[in-house]
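Take a look at the structure below.
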There are 2 protein chains.
Amino acid sequence: MEVAEEEFLMKGFSGARTVEIAERAGVSHSMLHYYYKTKEQLFEHVMGEKLQRLKESVTTVFMIEDMPVVEKVVELVVRHFEFLSENPDLPRFIINEVIVRPEYAEMMKREALPILEDAVARLQRELDAAAKEGEVRTMDASTLLMDIVSVNLFSFIVAPILSSVKPDMDFQAYYHARCQENVQLILNRINPDIK
Amino acid sequence: MEVAEEEFLMKGFSGARTVEIAERAGVSHSMLHYYYKTKEQLFEHVMGEKLQRLKESVTTVFMIEDMPVVEKVVELVVRHFEFLSENPDLPRFIINEVIVRPEYAEMMKREALPILEDAVARLQRELDAAAKEGEVRTMDASTLLMDIVSVNLFSFIVAPILSSVKPDMDFQAYYHARCQENVQLILNRINPDIK
DNA sequence: ATTTTGTTGAACAAAAATGTTAAACAATTT
DNA sequence: AAATTGTTTAACATTTTTGTTCAACAAAAT
């Protein structure tokens, strides 16, 4: 699975070769087709797993009891950011595949949307409760989630451009700073006393 | 050529099919191979043309006589921005191909670097002359060009993210505003009296 | 008018990639 | 111990894609 993920991310769906995946993974070519009939199925499994891990890291936040919603939001931003740190070229890959293979866009809608909707629903409930107590501003959970996703994605999309302009930059420091800035930005967004 | 460009941009090098390109272009399959022995050669021709047009739109600025260098820089920003407007998904495509096909990165270095170096040399000469007169700050032409490229690219890379957050946004207005902002940003950068 | 060049269609060769199958054997489960 | 499941090798079938060739004909150049 690791090798398959690498090959797909590096070469795209149409560029990746099942034979090479098998070879690099040290298993026989037949094996791949024994478990996954087609390249398409292998791909869906790999991407499904990725989404699964994203979902886990994000939705377990809502399982934490007795945590104020503000802290949960912070945790959400940080976990999403960390997921991106571990998968820095997943966004490029997805954007590309969505354009290159319309059927993949379908799959994404099918798989990713329910996860998002689930998170939106949970978040909305907690936000509404907290808003009643005056802890946060009254707001749309979907808007807030979109803000979180885009502000984080942004940091990773800009990174390569920055590094091409400043080739000697310290990525570690950059990511650390960006994550904190993003947290602050989102905190301001839900703070009832600002703006 | 138009169809080939579309197919390559939409499906990537490995996803594009020579048969489909021929079919869609209304020419016979044989014809493609009559003129371009291989898919690789066709690709190189298409991308070469693209680069050529970028080069023309950019370097003809230096041919304009009796134009102050500050105005030439403005013209440079605007022309590069316009080129990107006409080729909005070229950046995504190039970033992707560079990662997916290392040999393409080589080709880019071979083809694009000389163009850049040529522009840098011309610009440096004019900047130096203008700096002596106190019209602009003393500065590196390569740095300035990198600033122009990255600030413009940025506007186009952010666009899809913005539109996903605000699906009803007015692109026409956005691009118009961004171009002017970028011009201003670069003008501030060469202004000898600021900072 | 003749030669060269461009173009097509159709068939086909070659290569590359995917997907299948069967025989043999190892590992695991029952 | 027997049955099931996992795995490999190696061959092979299929499909997809790329690249070639040739005969015929049109268009353009000489």
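None of these values were measured; they are calculated from a predicted model. Basis for what follows: all heavy atoms, side chains included, without hydrogens, waters or symmetry-related copies. Here is the naming used below: chain letters follow the sequence lines, and residue numbers restart at 1 for every chain.
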Assign a letter to each nucleotide of nucleotides 4-22 of chain D from its 5' end: B, base within under 4.0 Å of a protein heavy atom; S, sugar-phosphate only; -, no contact. --BBBBB------SBBBB-
Rounding to a whole Å, what distance do you find between Leu32(A):CG and dT20(C):C1'? 14 Å
List, by chain and number, the other hydrophobic cluster members for Met67(A), where Ile, Leu, Val, Met, Phe, Trp and Tyr join if side-chain heavy atoms come within less than 4.5 Å, directly or indirectly. Ile64(A)
Within residues 54-99 of chain B or reaching into it, pairs that qualify as ring-ring contact (aromatic ring centres under 6.0 Å, His included) - sequence neighbours excluded: Phe81(B)-Phe156(B)
Sequence-distant partners of Arg53(B), salt bridge (Lys or Arg N to Asp or Glu O under 4.0 Å), two or more places apart: Glu49(B)
Going by the rule salt bridge (Lys or Arg N to Asp or Glu O under 4.0 Å), which residues pair with Glu103(A) if we only count those two or more places apart in sequence or in a different chain? Arg101(A)
Residue set satisfying salt bridge (Lys or Arg N to Asp or Glu O under 4.0 Å) with Lys39(A), at least two apart, ordered chain then number -> none
